A.B. asks: 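The structure's right below; bear with me while I get my questions together.
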Number of protein chains: 2
Amino acid sequence: MIISLKETADKLMAANSLILTAHVNPDGDAIGSCLGLKFMLEKLGKKVRVLIDDDLPKFLSVLPGIDTIEKPENESYEADYLVILDASLDRVGSVIEKCKAPRLNIDHHRTNDKKADFLYLDAKRAATCEIIYELGKEMGVEFDINSATSIYTGLATDSGYFRYSNTTPHTMRAAAELMETGIRPEKISEAIETKDFDVVQGMAKALQTIELHADGRVAGLFLDHELTESLDTTEGFIDQVRVIDGVDVAILLKAVEPEACRVSMRSKKTDVAKIAESLGGGGHIRAAGCTIEKPFSQAKTDILKVIEESLAE
Amino acid sequence: MIISLKETADKLMAANSLILTAHVNPDGDAIGSCLGLKFMLEKLGKKVRVLIDDDLPKFLSVLPGIDTIEKPENESYEADYLVILDASLDRVGSVIEKCKAPRLNIDHHRTNDKKADFLYLDAKRAATCEIIYELGKEMGVEFDINSATSIYTGLATDSGYFRYSNTTPHTMRAAAELMETGIRPEKISEAIETKDFDVVQGMAKALQTIELHADGRVAGLFLDHELTESLDTTEGFIDQVRVIDGVDVAILLKAVEPEACRVSMRSKKTDVAKIAESLGGGGHIRAAGCTIEKPFSQAKTDILKVIEESLAE
């Protein structure tokens, strides 16, 4: 059942005990919205627990209250509502079975599966945290440095620090009001941007493989099996390629198996979802991926050929 | 003479013709404030020219009106005011001699030399563009997509896309209001982040030299003379080091001559201005630099020793 912002606030205010959860593989918006809402509800005298069925990313360890987040144990949890934030019901892991309370879902993803008992969805918002901010106003809770820092972190991470197309004047004004509590943006951004030394070293190795193709309209990192095996993560590597002047399609190709390569693509003009789909993958127009069941050199030749044939004019 | 925002607006509105300029080696705030003010003054029927005594960075070519910016010719320029933006008088090159009009200086740098005939200085603002926004309000000019894009770009670049400690709620609200004109933040950020292929390739080479010292509290890129010579720029390279988990002081050392090395430092805790000063350089607590008149290996040993002795607890 779709409900309004006011109805969502009314339900939260009528409850005594709440369990909050968010999607597995949690990001700044998932954790920020759980903690932000938790701090606000506690101000209203509610009993609140946050359950996340996954490990938390290290960069969020600066968030106030991060240590209060629990992993679901092998037991059942009672509450007036299970509040599912920033995700559909099927993305919160075992929490959904372990807590049978009525499901109150708050989300900004257009793709929400709408299976919750009560759903407040606003896809115009850059982050679920932007909705949590609105809920705070609706419930009449004053933001403090704890709730504000949590909510601000979700706004900042989901909007790429206010750079992505989802950023609206409303996002900026919400951030402004939250900052009035004394948030130090440089401390939050420092935490978000922190990388392990191994990751920077790995990126240096990966960047050695950079190649330009199609008169500079395609650029890629091509990591053979040995190099791929040596890397813990390749997160963010493609962004170093995406920013190259004149490049439309950026590729990251990883030989994850001797006979299978994972391809990620980003684009400025070309529809890379179409390219990915033609190879059995999928994604969005500007960010897509697929797996090519071939050895490194062959996969590289194949993907370059398909992209060059599909480049937007 | 120090004047108020209102007096600044009054002077601009009383003038018929104005020449606007900003510092050499212009950045987003210098050019954004010139163009933003130009668009607003033209709306008020003024005759406005922008003179910049330098080449313009390529990433600003997306700005509306960028082609109207002139380099000063070998002649003299007449106007009711020479408006110097985002700089002291001694940083605008030959414009200062070629235009003898009364100097109206608008700046946010605490270090302004206060030599202008009229100075409006507000060091609380993240960017001179934030003052231009306030001037627009004071003069009662409605922002349009042209003036707003210019001003927004200065806000975004000088605040590191709203991440640095100079970003205030006022900065965010100014950006929000400017965005109402239809600014697309993803287009501006894409332009700002664009790098040449050579620069990315150079960064890949430089990153190969990365080293951790002092139990991971110091990290650096150490570019010998050959590598330094092969690079067109090293701008932004130190940021890749600065973000490493646990690193307090990040170093970029370049052997600019066989017997001279240029050192840049960034820090999270340690006072690197003090370190730089002890070696004849200078800067801010968190960002400083110096030149060591020694060959590469010796300079590297020296700087590491001095830093390790000065690390903050």
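Per chain, numbering begins at 1; letters A, B, ... match sequence-line order. Computed from a predicted model, the values in this text were never measured in an experiment.
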A.B. asks: Taking side chain as C-beta onward, heavy atoms only, is Leu207(A) less than 4.5 Å from Val200(B)?
C.D. replies: yes

A.B. asks: Using a 4.5 angstrom heavy-atom cutoff, name the option from Ala175(A), Ala156(A), Ala176(A) with the most pairs to chain B.
C.D. replies: Ala176(A)

A.B. asks: With side-chain contact (heavy atoms from CB on, under 4.5 Å) as the criterion, how do Met172(B) and Glu177(A) come out once you've worked through the C-alpha distance, each side chain's angles and the decisive distance to 0.1 Å?
C.D. replies: CA-CA 9 Å; Met172(B) 301 303 278; Glu177(A) 187 174 342; over 6 Å; no

A.B. asks: Please look at Lys58(B) and chain A and tell me whether the side chain, the backbone, both or neither of the residue comes under 4.5 angstrom of a heavy atom of that chain.
C.D. replies: side chain

A.B. asks: Counting heavy-atom pairs under 4.5 Å with chain B, which one of Val199(A), Asp245(A), Val247(A) comes out on top?
C.D. replies: Asp245(A)

A.B. asks: Please report the closest heavy-atom contact between Ile244(B) and Asp196(A), naming both atoms and the distance.
C.D. replies: CG2-C, 4.4 Å

A.B. asks: Top residue by heavy-atom pair count (under 4.5 Å) with chain A, among Ile188(B), Ile210(B), Leu212(B)?
C.D. replies: Leu212(B)

A.B. asks: Among the options Lys195(A), Glu190(A), Gln240(A), pick out the one with the most heavy-atom pairs lying under 4.5 Å from chain B.
C.D. replies: Lys195(A)

A.B. asks: Is it the backbone or the side chain of Arg163(B) that comes under 4.5 Å from a heavy atom of chain A, or both, or neither?
C.D. replies: both

A.B. asks: Would you mind checking which part of Ser159(A) comes under 4.5 Å of any heavy atom in chain B, side chain (CB onward), backbone (N, CA, C, O), both or neither?
C.D. replies: neither

A.B. asks: Closest approach of Lys205(B) and Gln208(A), non-hydrogen atoms and distance?
C.D. replies: N-NE2, 4.0 Å

A.B. asks: Please give me the minimum heavy-atom distance between Phe162(B) and Tyr152(A), naming the atom from each residue.
C.D. replies: O-OH, 3.9 Å

A.B. asks: If I measure from the heavy atoms of chain A, does Ser189(B) come under 4.5 Å with its side chain, its backbone, both, or neither?
C.D. replies: side chain

A.B. asks: Can you tell me if Glu142(A) has over 12 outside heavy atoms packed within less than 6.0 Å of its CD?
C.D. replies: no

A.B. asks: Picking from Glu180(A), Gln201(A), His170(A), Arg242(A), which has the most non-hydrogen pairs under 4.5 angstrom with chain B?
C.D. replies: Glu180(A)

A.B. asks: Count the heavy atoms belonging to other residues, nucleotides or ligands that lie under 6.0 Å from NE2 of His284(B), then report whether that count exceeds 12.
C.D. replies: no

A.B. asks: Which atoms form the tightest heavy-atom contact between Thr167(B) and Pro185(A), and what is the distance?
C.D. replies: O-CG, 4.0 Å

A.B. asks: Heavy-atom cut-off 4.5 Å, strictly under: side chain, backbone, both or neither for Tyr164(B) against chain A?
C.D. replies: backbone

A.B. asks: Counting only non-hydrogen atoms closer than 4.5 Å, does Thr171(B) touch chain A with its backbone (N, CA, C, O), its side chain (CB onward), both, or neither?
C.D. replies: neither

